[in-house]
Novice: 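Here you go, one structure.
This is a predicted model, so every value here is computed, not measured.
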Amino acid sequence: MLAHGQTVIQYVERLAPKALAMEGDKIGLHVGTLQKKVKKVMVALDVLESVVDEAIAEGVDLIVAHHAVIYRPLKHLRTDLAAGRVFEKLIKHDIAVYTAHTNLDVAVGGMNDWLAEAIGLVDVDVLDVLQREAWKKLVVFVPATHKDAVFQAMSEAGAGHVGNYSHCSFQVEGTGTFLPGAGTNPHIGSQGKLETVEEVRIEMVIPASKQTAVLKAMLAAHPYEEVAYDIISLEQSGQAYGIGRIGYLPAPMTLREMAELVKERFSLQGLRVVGDLDATVKKVAVVGGDGSSFASKAIFKGADVFLTGDIGYHTAHDAQADGLSIIDAGHNIEKIMKQKLAEYLLEQLKANGYETEVIASAVHTDPFQFV
């Protein structure tokens with residue numbers, strides 16, 4: 001069974017919800033349609049002509065990319081020019097292109113977590129918090145005979161997670177009353193007769209993003225025709241979302257040693273370093289792509305070194321003056337997303353019985369080289 005294009009993208013957006021994208025970011029479907037069956041998906045960092053040629057050769061139906069194929073306004077679509085040929089080939093070969101950019105950067109378990117993981121950071125936190133997920137409390141009244149089933153269903157759908165604890169709830173026994181009216185089909189009792197039932201009040205916190213899923217699971221497990229429940233907005237906030245990560249190396253090392261580690265982990269020919277190569281570093285800030293605007297945040301958070309790409313000359317001078325070392329490994333270290341996202345999508349598709357293939361683009365798209 002092949003997955004529908006929209007099904008594939010639902011899995012992408014489960015990892016990287018659109019709501020996490022920064023304002024103005026060009027995410028979503030750029031070319032083609034998702035209203036078709038997909039035999040093969042390819043995950044790419046950039047959608048260049050060489051990548052499209054690869055997709056054609058591989059029989060790909062859908063490209064899931066990190067960088068937008070349409071980023072600046074198109075002034076023309078000339079097929080005698082390189083940019084126009086990209087779109088001509090995509091359309092002629094019925095290849096759709098979907099982009100997940102800053103939403104994948106911000107996502108928990110997304111781009112910046114993959115980068116932090118690649119260099120072995122521990123005690124990792126968000127570098128620049130953009131938002132925190134709202135929390136709610138779901139209160140439901142369940143007959144005692146079904147409390148375990150409803151509790152378990154809600155837990156598995158995402159309710160009751162507090163920090164590293166799951167299945168967190170408050171339960172208290174009580175007495176419920178109801179009188180089934182005309183046209184009802186009560187699980188307990190009969191029409192026109194007041195019923196008294198031993199019930200359990202279950203309270204569980206839920207992230208706002210999982211409210212629909214938890215409600216669906218709760219209602220499916222609940223025996224009543226009409227379920228009594230409350231949803232209460234809470235002042236507390238939950239998961240932090242933002243750009244970049246900051247954490248600690250497992251053991252201190254010199255800036256030179258860390259630069260060599262980064263070269264090895266990301267298969268780089270070379271990189272640029274700002275700072276004393278013999279200085280000891282321990283606390284590391286990471287931002288995938290162009291992190292120039294986050295150098296001050298890395299300083300504020302007490303980072304010894306900032307791993308990112310596209311650092312400008314004057315930004316490097318400012319960081320050096322403030323005692324922040326920088327490893328500019330280039331924008332292309334984001335290529336880590338190709339294999340990581342491909343593995344995630346394949347796992348999701350297989351778990352749900354789909355035979356759609358997922359591959360990572362093998363084309364190297366870094367325009368820079370060292371000589």
Side-chain angles (χ1 to χ4, degrees), residues 1 3-4 6-7 9-20 107-109 131-241 344 347-354:
M1 178 175 62
H4 204 264
Q6 191 59 56
T7 301
I9 298 310
Q10 284 176 356
Y11 295 135
V12 175
E13 293 179 358
R14 184 177 296 174
L15 171 66
K18 279 186 169 183
L20 296 181
V108 175
Q131 59 179 283
R132 288 186 178 273
E133 184 164 36
W135 271 16
K136 298 186 178 182
K137 181 185 287 186
L138 175 58
V139 181
V140 61
F141 301 87
V142 188
T145 54
H146 287 72
K147 71 178 181 66
D148 291 339
V150 172
F151 165 67
Q152 192 64 32
M154 292 168 62
S155 298
E156 291 176 359
H161 287 259
V162 180
N164 291 326
Y165 294 85
S166 66
H167 295 73
C168 300
S169 73
F170 180 76
Q171 301 183 20
V172 60
E173 297 178 354
T175 302
T177 64
F178 54 87
L179 195 157
T184 61
N185 183 27
H187 174 75
I188 298 173
S190 55
Q191 292 181 17
K193 180 183 177 182
L194 181 65
E195 293 294 335
T196 300
V197 182
E198 295 304 312
E199 293 184 335
V200 177
R201 174 190 173 109
I202 301 175
E203 300 184 21
M204 301 182 79
V205 293
I206 54 173
S209 63
K210 295 187 177 181
Q211 177 178 319
T212 299
V214 172
L215 279 178
K216 182 178 179 181
M218 180 271 288
L219 292 171
H222 205 292
Y224 285 176
E225 185 178 27
E226 297 290 345
V227 179
Y229 66 90
D230 301 317
I231 297 177
I232 304 166
S233 294
L234 303 177
E235 291 294 326
Q236 301 102 309
S237 56
Q239 176 68 54
Y241 295 100
Y344 163 80
E347 179 183 332
Q348 295 298 313
L349 289 164
K350 282 187 173 181
N352 288 279
Y354 294 110

Novice: Determine the minimum heavy-atom distance between I202 and S169, stating which atoms define it.
Specialist: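 Heavy-atom minimum between the residues: CG2-CB, 4.4 Å.
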
Novice: Kindly indicate whether the side chain of P143, heavy atoms from C-beta on, has any atom under 4.5 Å from the side chain of P223.
Specialist: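 Yes, at least one pair of side-chain atoms sits under 4.5 Å.
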
Novice: With a 6.0 Å cut-off on the ring centroids, do H187 and H146 count as close?
Specialist: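 Close enough - the centres of the two rings lie under 6.0 Å apart.
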
Novice: I need the minimum non-hydrogen distance between A157 and A213, along with the two atoms involved.
Specialist: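 Minimum heavy-atom separation between A157 and A213: CB-O, 3.8 Å.
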
Novice: Please report the shortest heavy-atom distance between K193 and P180, naming the atom on each side.
Specialist: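 Closest approach of K193 to P180, heavy atoms only: O-CD, 3.3 Å.
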
Novice: Test side-chain contact (heavy atoms from CB on, under 4.5 Å) on I232 and L138 and set out the steps.
Specialist: CA-CA 7 Å; I232 304 166; L138 175 58; over 6 Å; no

Novice: Could you tell me if the side chain of V140 sits less than 4.5 Å from the side chain of H222, heavy atoms only?
Specialist: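 A side-chain contact exists here, since the closest heavy-atom pair is under 4.5 Å.
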
Novice: Are the side chain of E198 and the backbone N or O of T175 linked by a donor-acceptor pair below 3.5 Å?
Specialist: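 Side chain of E198 to backbone of T175: no pair is present.
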
Novice: Does a side-chain heavy-atom distance below 4.5 Å link F151 with M204?
Specialist: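 Heavy-atom side-chain distance check passes, below 4.5 Å.
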
Novice: Show, in sequence, the C-alpha distance, side-chain angles and deciding distance for F178 and L194, and conclude whether the side-chain contact (heavy atoms from CB on, under 4.5 Å) test is met.
Specialist: CA-CA 6 Å; F178 54 87; L194 181 65; 6.0 Å; no

Novice: Are the side chain of Y344 and the backbone N or O of Y11 linked by a donor-acceptor pair below 3.5 Å?
Specialist: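 Between the backbone of Y11 and the side chain of Y344 there is a qualifying donor-acceptor contact (under 3.5 Å).
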
Novice: Considering all heavy atoms of both residues, which atom of H161 and which atom of S166 are nearest to each other, and what is their separation?
Specialist: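 Looks like CE1-CB, 3.5 Å.
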
Novice: Return the CD1 to OG1 distance between I188 and T145, rounded to the nearest 0.5 Å.
Specialist: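 Here the rounded value is 5.5 Å.
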
Novice: How long is the gap from NZ on K18 to CD1 on I9, to the nearest 0.5 Å?
Specialist: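 Between K18 NZ and I9 CD1, I get 9.0 Å after rounding to 0.5 Å.
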
Novice: Checking T7 side chain against A3 main chain: does a donor-acceptor pair fall under 3.5 Å?
Specialist: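 Checked: no pair found.
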
Novice: Would you check if the side chain of E133 reaches a backbone N or O of S209 as a donor-acceptor pair within less than 3.5 Å?
Specialist: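 It does hold such a pair.
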
Novice: How long is the straight-line distance from OH of Y241 back to CD of Q131, given to the nearest 0.5 Å?
Specialist: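 The OH atom of Y241 is 8.0 Å from CD of Q131, to the nearest 0.5 Å.
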
Novice: Test Q6 against Q10 for side-chain hydrogen bond (donor to acceptor under 3.5 Å, both in side chains), laying out the working first.
Specialist: CA-CA 6 Å; Q6 191 59 56; Q10 284 176 356; over 6 Å; no

Novice: Between CG of D148 and OG of S155, what distance do you get to the nearest 0.5 Å?
Specialist: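 Going from CG on D148 over to OG on S155, the span is 10.5 Å.
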
Novice: Between V162 and V205, is any pair of side-chain heavy atoms under 4.5 Å apart?
Specialist: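 The answer is yes, as the side chains (C-beta and beyond) meet within the 4.5 Å cut-off.
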
Novice: Evaluate the side-chain proximity of K137 to I206: yes if any heavy-atom separation is below 4.5 Å, no if none is.
Specialist: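 No; the side chains remain at least 4.5 Å from each other.
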
Novice: Could you check H167 against Q152 for side-chain contact (heavy atoms from CB on, under 4.5 Å), going step by step and ending with a plain yes or no?
Specialist: CA-CA 8 Å; H167 295 73; Q152 192 64 32; 3.4 Å; yes

Novice: Measure the shortest side-chain to side-chain distance between K136 and P207 over non-hydrogen atoms and say whether it is less than 4.5 angstrom.
Specialist: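 Result no, sub-4.5 Å side-chain heavy-atom pair not found.
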
Novice: So do the side chains of R14 and Q348 get within less than 4.5 Å of each other, counting heavy atoms only?
Specialist: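 The answer is yes; the side chains approach within 4.5 Å.
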
Novice: When you look at V108 and Q239, which way does the side-chain contact (heavy atoms from CB on, under 4.5 Å) test go after all the steps?
Specialist: CA-CA 9 Å; V108 175; Q239 176 68 54; 3.6 Å; yes

Novice: Give a yes or no on whether the backbone of T184 and the side-chain of Q191 come within a donor-acceptor separation of less than 3.5 Å.
Specialist: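 Checked: pair present.
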
Novice: Using the rule given for salt bridge (Lys or Arg N to Asp or Glu O under 4.0 Å), can you reason through E203 versus R201, listing the C-alpha separation, both sets of side-chain angles and the distance that settles it, and then say yes or no?
Specialist: CA-CA 7 Å; E203 300 184 21; R201 174 190 173 109; 2.7 Å; yes

Novice: Aromatic contact between Y224 and F141, with the criterion being ring centroids under 6.0 Å apart: yes or no?
Specialist: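 So the answer is no for these two rings.
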
